[in-house]
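Worksheet: one structure, shown below.
Index from 1, following the sequence. Everything numeric in this text was worked out from a predicted model, so none of it was measured. Side chains included, hydrogens not; waters and symmetry mates left out as well; all remaining heavy atoms used.
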Amino acid sequence: MSRSINLSLRGHERIFINGAVLRVDRKVTIELLNDATFLLEAHVLQAEQATTPIRQLYFIAQAMLIDPSNADQVRQAYDEVDSAIIAQNPGSNAVSSLGTARSFLDSGRPFEALRILRGLFEPESPPSPQPMNALTHQVA
């Protein structure tokens, strides 16, 4: 028997559950009483955010989770990007994590694969401060 999980959502937030998209109209807590594959809107990566090979893998795996009916076709793209990353010798930790993510996908557990891939994201670099003269030109 699986244990339940409570998900708290804000008003107008979306959640993807077993391929269905739900939007709530107010703050709500949903209790999932059995096993379900879900993705919170906050974890959804937009196409324009898939700027690195790892983020592209995440985006592809996310598509498999959001639209399970097309997962088999999308898996080929995942395998191609995964192989390209491995060919670049990214380091033993990344190779190990990519193997774990691949295993999760093989066993039909894309949510866990997303969690592993999110852990490989490069830290976002803070915006670089503008030189003082560039700031003056903007004001003038």
Side-chain angles (χ1 to χ4, degrees):
M1 172 146 183
S2 64
R3 62 180 207 257
S4 66
I5 185 169
N6 290 320
L7 304 169
S8 296
L9 304 172
R10 296 173 298 228
H12 305 288
E13 188 172 7
R14 294 181 305 165
I15 184 170
F16 302 84
I17 301 177
N18 291 343
V21 182
L22 304 166
R23 181 185 304 270
V24 296
D25 63 352
R26 60 182 148 295
K27 185 176 179 181
V28 60
T29 299
I30 297 172
E31 182 179 11
L32 299 177
L33 299 174
N34 60 350
D35 288 335
T37 302
F38 67 92
L39 184 61
L40 296 170
E41 184 173 27
H43 292 155
V44 173
L45 188 72
Q46 300 302 318
E48 60 271 6
Q49 295 172 308
T51 56
T52 66
I54 294 294
R55 288 177 181 264
Q56 290 168 2
L57 269 186
Y58 184 95
F59 185 78
I60 295 167
Q62 168 186 286
M64 295 168 66
L65 186 139
I66 290 174
D67 187 6
S69 64
N70 289 321
D72 290 339
Q73 291 108 341
V74 174
R75 179 60 192 259
Q76 182 179 354
Y78 183 95
D79 291 339
E80 289 172 9
V81 174
D82 184 53
S83 295
I85 293 171
I86 298 295
Q88 294 177 355
N89 297 317
S92 61
N93 287 341
V95 169
S96 174
S97 294
L98 290 170
T100 302
R102 200 175 318 108
S103 295
F104 281 135
L105 287 177
D106 290 342
S107 62
R109 298 169 58 193
F111 181 79
E112 285 85 355
L114 290 178
R115 186 176 46 79
I116 297 295
L117 293 172
R118 219 177 5 258
L120 293 174
F121 282 2
E122 302 81 15
E124 294 291 327
S125 56
S128 58
Q130 292 184 334
M132 196 57 107
N133 60 355
L135 190 57
T136 351
H137 289 296
Q138 288 179 356
V139 174

* **salt bridge (Lys or Arg N to Asp or Glu O under 4.0 Å) pairs, two or more places apart, involving residues 60-74** => none
* To do: Could I get the full list of side-chain contact (heavy atoms from CB on, under 4.5 Å) partners for Gln46, not counting sequence neighbours?
  => Val44, Glu48, Gln49
For residues 24-31, run the donor-acceptor check on the side chains, cut-off 3.5 Å, and write out each pair with its distance to 0.1 Å, sequence neighbours left out.
residue, atom, partner, partner atom, Å
Thr29, OG1, Ser8, OG, 3.4
Glu31, OE2, Ser4, OG, 3.0

* For Tyr78, which residues count as a ring-ring contact (aromatic ring centres under 6.0 Å, His included) partner, sequence neighbours excluded? -> none
* At what distance, to the nearest 0.5 angstrom, does CG of Asp79 lie from CD1 of Ile86? -> 11.0 Å
Let me have the donor-acceptor pairs involving side chains of residues 12-23, under 3.5 Å, with sequence neighbours excluded, atom names and distances please.
residue, atom, partner, partner atom, Å
Glu13, OE1, Arg10, N, 2.8
Arg14, NE, Glu41, OE2, 3.1
Asn18, OD1, Thr37, N, 2.8
Arg23, NH1, His12, O, 2.8

* Set of residues satisfying salt bridge (charged side-chain N to carboxylate O under 4.0 Å, His left out) with respect to Arg115, sequence neighbours excluded -> none
* Qualifying residue for side chain to side chain contact (heavy atoms under 4.5 Å, CB included) with Leu57, from Leu120, Thr52, Leu117 -> Leu117
* Asked: Quick check: does any side chain N or O of Gln62 sit under 3.5 Å from a backbone N or O of Leu45, one acting as donor and the other as acceptor?
  -> yes
* side-chain contact (heavy atoms from CB on, under 4.5 Å) against Pro53, all qualifying residues, sequence neighbours excluded -> Ile85
* **With sequence neighbours excluded, residues passing side chain to side chain donor-acceptor pair (under 3.5 Å) with Arg118** => Tyr58
* To do: For Asp106, check side chain to side chain donor-acceptor pair (under 3.5 Å) against everything at least two apart and list the hits.
  => Arg75
* Ala61 and Pro110: which non-hydrogen atoms are nearest, and at how many Å? -> O-CB, 4.4 Å
* Going only through I, L, V, M, F, W and Y residues with side-chain contacts under 4.5 Å, is there a path from Ile116 to Leu114? -> no
* Which residue pairs satisfy the ring-ring contact (aromatic ring centres under 6.0 Å, His included) criterion with at least one member in residues 21-57, sequence neighbours excluded? -> Phe38-Phe111
Which atom pairs, donor and acceptor, lie under 3.5 Å between side-chain atoms of residues 97-105 and protein residues at least two apart or in another chain?
residue, atom, partner, partner atom, Å
Ser97, OG, Asn93, O, 3.1
Thr100, OG1, Ser96, O, 3.1
Arg102, NE, Asp82, OD2, 2.5
Arg102, NH2, Asp82, OD2, 2.9
Ser103, OG, Gly99, O, 3.1

